[in-house]
Amino acid sequence: MGDKIFRLYDTMSKQVKPLETREPGHLRFYACGPTVYSYAHIGNFRSFLTADLIVRTAKALDWKVTFVNNITDVGHLTGDDVADSEGEDKLEKALRSKEGESFNNVWELAEHYTAAFEQDWQRLNLQEPNVRPKATQHVRQQILAAEDLIEKGFAYETPTGVYYSVESFPKYGKLSGNTQENLRQAVREVVVDDNKRAQADFALWKKDDHHLMQWYSPFGWGFPGWHIECSVMAREYLGDTIDLHSGGEDNMFPHHECEIAQSEALTGKPFCNHWVHTRFLQVNGEKMSKSLGNFYTVRDLIAKGADPLAIRYALISGIYGKPLNFTDQGLRDAQANIERYRKADELVANVTKEGEDKLGATLEELYDQALDALANDLNTPVALAKALEGARLILREGEDLTIPSAASGKRFLDRINDLLGIVRSSYEMAEAPKPAAPQVDPQLIESKIAERAEAKKSKDFARADAIRTELDALGIELRDTPTGTEWVAKSSI
RNA sequence: GGUGCCGUGCCCAAGUGGCCUAAGGGGACGGUCUGCAAAACCGUUAUUCGGCGGUUCGAAUCCGCCCGGCACCUCCA
């Protein structure tokens with residue numbers, strides 16, 4: 001099994017190629033994490049889910065994985081107005097905004113959103129990274145890197161900061177397909193800083209003694225540039241050359257381009273052998289934006305009654321390299337599928353019938369097909385189709401499911417869950433397991449169900465149906481099963 | 001202007017030269033089950049792949065042009 005090939009599209013070479021590890025069977029993987037100035041939205045998580053599926057696939061191939069996902073808790077600049085001079089800090093801006101009013105300072109704000117991010121991460125059932133380093137805890141290394149780059153002739157100091165000289169690194173632009181000539185032309189319209197040698201030069205350190213987050217450096221008070229944190233943290237936890245680096249498509253330029261320039265200038269070695277970028281998520285066929293009102297955070301959707309695993313399912317139902325259209329209908333589709341897995345999972349847990357194993361061989365084959373699909377440029381739709389086919393095979397047996405078949409079924413669901421994370425969450429949810437319908441008292445529901453059972457017993461079906469209709473209006477759906485009546489809260493999504 | 005991704009049934013979405021008269025899900029319709037429902041299960045639902053040309057024995061898949069969507073080009077995953 002260890003000889004299976006894991007193919008992924010590589011942005012640098014613009015082709016699908018085998019993911020290779022410098023140390024056989026050990027993947028060193030860095031995924032760019034969030035800037036913690038607000039709650040993560042589902043588009044952020046589409047990108048993190050790509051990383052999660054890569055980790056899961058690699059593990060399923062029996063690789064060892066060292067996975068690093070950073071937290072950017074330094075504000076940097078909003079860049080909406082002036083990019084590299086006096087732009088506004090994102091954390092500072094968030095601190096002043098309405099939702100920021102409850103924080104005493106930027107540090108508390110960053111901590112709050114970091115904790116929220118980690119919670120969302122777990123709710124969507126992503127596997128924990130080996131290291132989740134924070135930019136603020138690596139400022140010293142970032143300063144040292146800036147000094148080192150000056151010494152090596154790749155950077156220079158000005159009255160406003162320390163800048164990387166793009167012209168000193170001829171490969172700059174290779175990842176994103178930009179030429180330095182194009183960048184010169186594009187940048188000229190946006191940025192004006194006469195202290196910089198070339199306008200495309202980017203900051204390693206910003207001098208600013210008014211910034212809410214500032215540190216002392218040989219260059220005076222200030223804060224590090226955005227790109228240097230990833231170069232420093234990737235090197236610290238994964239070494240000079242890493243196997244794989246991922247991020248959203250917007251990270252291609254400038255962020256990853258700058259990382260390459262910094263890291264390779266620092267070490268003289270190749271920085272990364274394989275680049276993966278996730279395409280943006282669209283919502284109802286449009287760009288997700290606050291002004292269009294189609295901007296969803298993970299917690300908003302959960303608060304509206306969406307099952308976290310359904311959100312996960314919906315977000316991985318398209319290939320990472322293509323735009324994916326997220327719709328309410330898509331979320332409901334996902335919900336229906338998640339429920340099927342839950343049903344199958346329940347079914348295999350309670351079996352008493354003796355007999356043959358009728359499912360083992362077929363399920364084994366389906367699992368292999370699902371894994372093959374993921375190993376083939378992370379083809380999640382095919383993997384999900386195979387997984388669902390297996391779940392249906394289990395459900396089809398129903399009451400006839402034998403103990404050996406159920407054991408095979410359980411093994412299948414366990415392995416599918418390790419691979420795709422859609423059967424059950426690895427994390428204990430502190431919140432109520434039954435989402436939505438918080439306004440309905442469960443005791444009331446139970447008493448209504450009991451009342452209805454009496455009515456049914458005395459063949460008063462009109463009364464029974466009336467109770468069912470009554471609860472339905474409250475958002476409670478009844479299901480009569482051989483073992484009694486169950487209820488589910490209807491999702492409001 | 002430069003650099004990429006994409007356009008498949010009512011909706012979402014695989015497939016990227018023959019196994020495609022196009023996977024899978026949702027929806028709809030029919031059936032099993034049920035007092036009736038719901039859930040689950042079974043079945044039906046694209047001779048066609050944005051448009052027009054071309055290459056080829058053969059194209060949704062390759063090439064050209066056109067139309068449409070998305071992204072990046074200094075800090076939004």
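Computation of the quantities below employed the complete heavy-atom set of this structure, encompassing side-chain atoms and omitting hydrogens, waters and symmetry-equivalent molecules.
Nucleotides B:C29 and B:C65, compared at atom P, are 46 Å apart to the nearest Å. Taking the C1' atoms as reference points, B:A38 lies 24 Å from B:G24, given to the whole Å. If you take atom P in B:U16 and the same atom in B:U21, they sit 15 Å apart, rounded to whole Å. Distance check on atom C1': B:C42 versus B:C49 gives 29 Å, rounded to whole Å. On the P atoms, B:G58 is 15 Å away from B:G18, given to the nearest whole Å. Comparing B:G25 with B:G64, their C1' atoms are spaced 36 Å from each other, to the whole Å. Here, B:G50 and B:C6 have their P atoms 13 Å apart, quoted to the whole Å. One C1' atom belongs to B:A60, the other to B:A22, and the distance between them is 8 Å to the nearest Å.
Comparing B:A40, B:C36, B:A77 by their closest approach to the side chain of A:Arg452 singles out B:C36. For A:Gln282, taking side-chain heavy atoms from C-beta onward, the closest of the listed nucleotides B:C70, B:C76, B:A38 is B:C70. Comparing B:A38, B:C72, B:G35 by their nearest atom to the side chain of A:Phe253 picks out B:C72. Comparing atom distances between the A:Lys343 side chain and each of B:A40, B:G69, B:A71 picks out B:A40 as nearest. Closest to the side chain of A:Ala200, out of B:A71, B:U74, B:G15, is B:U74.
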Polar pairs (N or O, both sides) under 3.5 Å between protein and nucleotides 3-5 of chain B?
residue, atom, partner, partner atom, Å
B:U3, O2', A:Ser176, O, 3.1
B:G4, O2', A:Arg279, NH2, 3.2
B:C5, O4', A:Arg279, NH2, 3.4
B:C5, O2', A:Gly321, O, 3.2

Under 3.5 Å, which N/O atoms of the protein pair with N/O atoms of nucleotides 61-63 of chain B?
none

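Contacts of residues 458-468 of chain A with RNA chain B (heavy atom under 4.0 Å): A:Phe461, A:Asp465, A:Arg468.
No side-chain donor-acceptor contact under 3.5 Å links A:Asn376 and A:Arg7. Donor-acceptor pairing under 3.5 Å is recorded for the side chains of A:Tyr320 and A:Asp377.
The pairing partner recorded for B:U45 is B:G27, the criterion being a Watson-Crick or G-U wobble arrangement whose two distances lie under 3.5 angstrom. Checking B:G64 for Watson-Crick or G-U wobble geometry (two distances, each under 3.5 Å) identifies B:C52 as its partner. Nucleotide B:A40 forms a Watson-Crick or G-U wobble pair with B:U32, both donor-acceptor distances falling under 3.5 Å. When Watson-Crick and G-U wobble pairs are counted only if both distances are under 3.5 Å, B:C20 pairs with no nucleotide at all.
OP1 or OP2 of B:C76 has not a single side-chain nitrogen or oxygen of A:Asn44 nearer than 4.0 Å. A:Lys456 has no side-chain polar atom (N or O) that falls below the 4.0 Å cut-off from OP1 or OP2 of B:G35. The side chain of A:Asn251 places no N or O atom within less than 4.0 Å of a non-bridging phosphate oxygen (OP1 or OP2) of B:A77.
Contacts of A:Asp480 with the nucleic acid, taken as non-hydrogen atoms under 4.0 Å apart, include base atoms. Residue A:Arg396 is in sugar-phosphate contact alone, with no base atom involved, counting any heavy-atom pair closer than 4.0 Å across all strands shown. Residue-level contact check: A:Gly247 touches the backbone only, with heavy atoms under 4.0 Å from sugar-phosphate atoms and none from bases. The residue A:Gly330 sits apart from the nucleic acid: no heavy atom pair falls under 4.0 Å. A:His277 comes within 4.0 angstrom of no nucleic acid atom, judged by non-hydrogen atoms across all strands. Within 4.0 Å (heavy atoms only), A:Ile319 reaches sugar-phosphate atoms of the nucleic acid but no base atom. A:Asp250 comes within 4.0 angstrom of a base, heavy atoms only.
Under the side-chain contact (heavy atoms from CB on, under 4.5 Å) criterion, A:Cys272 pairs with A:Ile242, A:His245, A:Trp275, not counting sequence neighbours.
Rounded to whole Å, the distance from CG on A:Leu471 to P on B:A38 is 17 Å. Taking atom CH2 of residue A:Trp226 and atom C1' of nucleotide B:U74, one finds them 9 Å apart after rounding to whole Å. The CG atom of A:Asn376 sits 12 Å away from the C1' atom of B:U16 (whole-angstrom rounding). When rounded to the nearest whole Å, the span between CD of A:Glu286 and P of B:C70 equals 8 Å. One interatomic measurement links the two molecules: CG of A:Asp400 to P of B:A40, which rounds to 18 Å at whole-angstrom precision. Atom CG in A:Leu324 sits roughly 9 Å away from atom C1' in B:A13 (whole-Å rounding). Residue A:Ile311 contributes atom CD1, which lies 17 Å from atom C1' of B:C12 at whole-angstrom precision. In this structure, A:Asn325 places its CG atom 15 Å from C1' of B:C10, rounding to the nearest Å.
Ring pair A:Phe169/A:Tyr164 is perpendicular by interplanar angle, where above 60° counts as perpendicular and below 30° as parallel. Between A:His227 and A:Phe202, the ring planes are perpendicular. Angles over 60° get that label, and only those under 30° would be called parallel.
The two atoms that bring A:Glu446 and A:Trp487 nearest to each other are OE2-NE1, 3.1 Å, heavy atoms only.
With hydrogens and angles disregarded, no donor-acceptor distance shorter than 3.5 Å links the side chain of A:His211 to the backbone of A:Phe223. Judged by distance alone, with hydrogens and angles left aside, the side-chain atoms of A:Arg415 form no donor-acceptor pair with the main-chain N or O of A:Tyr367 at under 3.5 Å.
Ring centers of A:Phe280 and A:Phe326: at least 6.0 Å apart, outside the cut-off.
Counting only heavy atoms from C-beta outward, the side chains of A:Leu374 and A:Thr380 approach each other to under 4.5 Å.
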Practice task
Indicate for each nucleotide in nucleotides 22-28 of chain B, in 5' to 3' sequence, whether protein heavy atoms under 4.0 Å reach the base (B), only the sugar-phosphate (S), or nothing (-).
Solution key: -BSBS--
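A distance cut-off of 5.5 Å between ring centres, combined with a plane angle under 30°, leaves A:Phe45 outside any stacking arrangement with the base of B:A77.
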Result block: side-chain N/O donor-acceptor pairs under 3.5 angstrom for residues 383-400 of chain A, not counting sequence neighbours:
residue, atom, partner, partner atom, Å
A:Lys386, NZ, A:Gln369, OE1, 3.3
A:Glu397, OE1, A:Lys358, NZ, 3.1

